[in-house]
Amino acid sequence: MAGLEADIIELAGEPFNVGSPKQLGEILFDRLAVPGGEKGKTGAYATGADILEDITTLEDSHPKGARLAALVLDWRQIAKLKSTYTDALQDHINPETGRVHTSYSIAGANTGRLASTDPNLQNIPVRSDEGRRIREAFVAPPGRVLVSLDYSQIELRILAHIAEIPALVQAFRDGIDIHAMTASEMFGVPVEGMDPGIRRQAKAINFGVIYGISGFGLARNLRIPRAEAQGFIDRYFERFPGIREYMSETVKTAQEKGYVQTLFGRKIHTPDISAKGPGAGFAKRAAINAPIQGTAADVIRRAMIRMPDAIAGLDARMLLQVHDELLFEVAEDQAEDLTARARQVMEAAASPVVDLKVPLVVDAGKGENWAKAH
DNA sequence: AGTGCAGGCCAC
DNA sequence: AAACGTGGCCTGCACT
């Protein structure tokens with residue numbers, strides 16, 4: 001990392017704090033005259049990863065800026081992993097147990113999700129190769145393995161149920177690739193042999209819908225013109241009109257009652273729903289998302305409550321909950337038994353209070369460390 | 001030295 | 001006017 005830092009300063013041509021977005025912004029946009037610099041409310045240039053990634057494409061017009069941006073992106077990834085995980089997690093090892101123990105807030109999130117602190121074990125890296133090396137440090141003791149079980153697409157399944165989208169419900173019942181199906185419906189192309197790029201766009205739209213999508217947000221996410229993104233959303237609503245209905249009904253309920261509810265009847269209050277100005281959009285999207293995210297939180301909590309009885313007699317412990325995943329430690333020769341029991345509990349967790357029109361499906365994995373189990 | 005915010009980034 | 005939901009933790013920086 002020190003070498004990387006030296007390379008960055010040499011390229012910049014002047015000493016500066018690589019960890020300072022403000023200083024980096026001034027070098028890129030003022031001194032190197034990279035175009036597109038935008039200052040936020042504090043007067044500092046924004047230098048987030050998406051902006052730096054755009055700058056790396058300017059190799060022809062601004063070679064120095066492009067290379068500087070690329071190096072800083074590398075540095076930030078390593079610095080993040082080291083400070084937040086490699087270094088910090090070791091300070092959290094309990095001397096008596098030799099393990100890292102987190103704390104859960106039972107009412108951590110407004111939607112009913114748990115929150116994990118000191119340390120947060122719900123945001124251990126997994127998406128990048130480098131990040132997964134952090135996850136490999138979470139290991140089972142000798143003779144034991146880690147088993148991870150996670151709900152597949154639980155929020156989209158809940159959306160399909162709540163908004164009553166026949167095509168989505170049927171696809172989940174048939175076990176079809178849901179993003180490919182969405183792309184097929186929207187763009188009129190067959191699922192077989194689908195262009196991965198088309199599927200990726202449909203996936204972004206499916207996620208966006210759960211979060212209360214906007215044309216602007218989707219455009220930024222997919223890096224496409226806003227008009228094109230809005231066209232995608234319009235077509236999505238045409239194909240799945242129940243979604244638009246769900247969104248407007250949910251906002252209306254929030255405005256009339258001051259809360260929305262999960263499928264299990266738990267209330268989530270929406271005090272900001274009638275805010276004016278910039279906050280209005282935020283409050284509406286939060287209200288749209290809350291019943292979906294909150295129902296998923298209810299489902300996994302019900303599974304967790306039933307878990308001690310379900311795994312009684314096994315040499316196994318439930319270790320962590322990560323929103324749609326439960327992580328267990330179990331004697332090696334009992335991993336299969338545990339997986340079957342835990343999966344049964346998780347897949348049936350909505351029952352008997354809620355009769356979902358879609359199946360809940362749980363994926364499972366095991367290994368000597370969390371990366372392999374996941 | 002402690003506090004709080006902003007920017008940034010990790011997860012689901 | 002801002003711009004995709006829910007969180008927590010890190011560093012830098014301004015301030016007391």
Side-chain angles (χ1 to χ4, degrees), chain A residues 16-25 39-52 72-73 75-89 91-92 102-105 107-128 130-132 134-135 150-156 159 204-222 226 229-230 233 247 250 260 268 275-294 296-297 300 320-325 370 374:
Chain A
F16 78 108
N17 185 341
V18 181
S20 166
K22 182 173 181 287
Q23 294 178 37
L24 176 67
K39 290 185 176 178
K41 34 191 149 180
T42 63
Y45 288 113
T47 69
D50 50 342
I51 290 172
L52 294 189
V72 170
L73 282 169
W75 182 87
R76 282 194 184 159
Q77 184 194 30
I78 302 303
K80 174 76 175 181
L81 294 177
K82 183 174 190 295
S83 66
T84 306
Y85 301 103
T86 310
D87 291 346
L89 284 173
D91 296 336
H92 282 282
T102 186
S103 296
Y104 282 111
S105 306
N110 194 38
T111 56
R113 276 189 175 185
L114 303 183
S116 163
T117 62
D118 306 305
N120 180 1
L121 294 185
Q122 291 182 319
N123 73 341
I124 301 303
V126 71
R127 294 177 188 177
S128 71
E130 294 84 352
R132 275 190 292 277
I134 303 286
R135 204 167 269 241
D150 68 285
Y151 286 105
S152 167
Q153 309 281 9
I154 188 169
E155 292 192 351
L156 263 184
L159 174 69
I205 296 166
N206 277 332
F207 271 101
V209 164
I210 290 170
Y211 299 148
I213 201 166
S214 73
F216 188 96
L218 185 65
R220 193 162 60 85
N221 213 330
L222 288 177
R226 188 183 161 178
Q230 190 56 53
I233 294 171
M247 290 181 160
T250 303
V260 294
I268 296 164
K276 302 292 175 205
F282 282 110
K284 282 182 183 169
R285 291 191 294 272
I288 288 165
N289 174 259
I292 302 168
Q293 190 181 117
I300 195 167
L320 293 176
Q321 187 255 43
V322 191
H323 308 306
D324 66 356
E325 170 189 9
W370 195 4
H374 195 276

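Within every chain, numbering begins at 1; the chains are lettered A, B, ... in the order of the sequence lines, protein sequences first and strands thereafter. These numbers come from the heavy atoms of this one structure, side chains and all, not from hydrogens, waters or symmetry mates.
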Query raised in the report: Looking across every strand, which nucleic acid part, if any, lies under 4.0 Å from A:Ala297 by heavy atom: base, sugar-phosphate, or nothing?
Result: nothing
Requested in this report: Using a 4.5 Å cut-off on heavy atoms from C-beta on, say whether the side chain of A:Gln122 contacts that of A:Arg113.
Outcome: no
Requested in this report: Figure out the CD/P separation between A:Gln77 and B:dG8, and round it to whole Å.
Outcome: 17 Å
Query - P gap between C:dA2 and B:dA6, integer Å - result: 14 Å
Query raised in the report: With A:Gln23, which of A:Thr47, A:Asn17, A:Val18 fulfils side-chain contact (heavy atoms from CB on, under 4.5 Å)?
Result: A:Asn17
Query - Selection from C:dG5, B:dA11, B:dG7 that lies nearest to any side-chain heavy atom of A:Pro125 - result: B:dA11
Requested in this report: Rounded to whole angstrom, note down the P distance from B:dG7 over to C:dA3.
Outcome: 11 Å
Requested in this report: Measure the distance from NE2 on A:His323 to P on B:dC12 and round it to the nearest whole Å.
Outcome: 8 Å
Query raised in the report: Choosing from B:dG7, C:dT6, B:dG8, which nucleotide comes nearest the side chain of A:Thr47?
Result: B:dG8
**Report entry** Distance in angstrom units between A:Leu73 CG and B:dC9 C1', rounded
**Finding:** 12 Å
Report task. For A:Asp87, enumerate each residue passing the salt bridge (Lys or Arg N to Asp or Glu O under 4.0 Å) test, keeping only those at least two apart in sequence or located in another chain. Result -> A:Lys82
Requested in this report: Please state how far atom CG in A:Leu24 lies from atom P in B:dG8, giving the value in whole angstrom units.
Outcome: 9 Å
Query raised in the report: Any side-chain heavy-atom pair from A:Tyr211 and A:Ile292 closer than 4.5 angstrom?
Result: no
Query raised in the report: Which part of the nucleic acid, if any, lies within reach of A:Arg113 when heavy atoms closer than 4.0 Å are counted: base, sugar-phosphate only, or nothing?
Result: base
Requested in this report: Return the value, rounded to whole Å, for the distance between atom CD of A:Gln122 and atom C1' of B:dC9.
Outcome: 16 Å
**Report entry** From B:dG8, C:dT6, C:dA3, nucleotide with atom closest to A:Arg285 side chain
**Finding:** C:dA3
Query raised in the report: At under 4.0 Å between heavy atoms, what does A:Val126 touch on the DNA or RNA strands: base, sugar-phosphate, or nothing?
Result: sugar-phosphate
**Report entry** Nucleotide B:dG8, atom P - distance to CH2 of A:Trp75 in whole Å
**Finding:** 13 Å
Query raised in the report: For every nucleotide of nucleotides 8-16 of chain C, 5' to 3': is a protein heavy atom under 4.0 Å from its base (B), only from its sugar-phosphate (S), or from neither (-)?
Result: BSSSSS---
Query raised in the report: What integer distance in Å separates A:Arg76:CZ from B:dG7:P?
Result: 13 Å
Report task. Decide yes or no for A:Ile124 and A:Leu89: does some side-chain heavy atom of the first lie under 4.5 Å from some side-chain heavy atom of the second? Result -> yes
Query raised in the report: At under 4.0 Å between heavy atoms, what does A:Ala280 touch on the DNA or RNA strands: base, sugar-phosphate, or nothing?
Result: nothing
Report task. Looking at every strand, decide which applies to A:Arg127 at a 4.0 Å heavy-atom threshold: base, sugar-phosphate, or nothing. Result -> base
Query raised in the report: What residues, two or more places apart in sequence or in another chain, satisfy salt bridge (Lys or Arg N to Asp or Glu O under 4.0 Å) together with A:Arg132?
Result: A:Asp129
Report task. Go through B:dC10, B:dC12, C:dA3 for me and flag the one nearest to the A:Arg226 side chain. Result -> C:dA3
Query raised in the report: Across the strands shown, which category fits A:Gly208 at heavy-atom distances under 4.0 angstrom: base, sugar-phosphate, nothing?
Result: base
Query raised in the report: Any side-chain donor paired with an acceptor under 3.5 Å for A:Gln293 and A:Thr111?
Result: yes
Query raised in the report: Closest to the A:Ser214 side chain: C:dA3, B:dG7, C:dG7?
Result: C:dA3
Report task. For the residue pair A:Ile300 and A:Ile154, establish whether any side-chain heavy-atom pair is separated by less than 4.5 Å. Result -> no
**Report entry** Student check: side-chain heavy atoms of A:Trp370 and A:Leu320 closer than 4.5 Å
**Finding:** yes
Query - Per A:Ala49 side chain, nearest of listed nucleotides C:dT6, B:dC9, B:dA11 - result: B:dC9
Query raised in the report: Heavy atoms under 4.0 Å, any strand shown: does A:Phe282 hit a base, just sugar-phosphate, or nothing?
Result: sugar-phosphate
Query raised in the report: In whole Å, what is the span from the CD atom of A:Gln293 to the P atom of B:dA11?
Result: 17 Å
Report task. Check every strand shown and say whether A:Ile124 touches a base, only sugar-phosphate, or nothing at a heavy-atom separation below 4.0 Å. Result -> sugar-phosphate
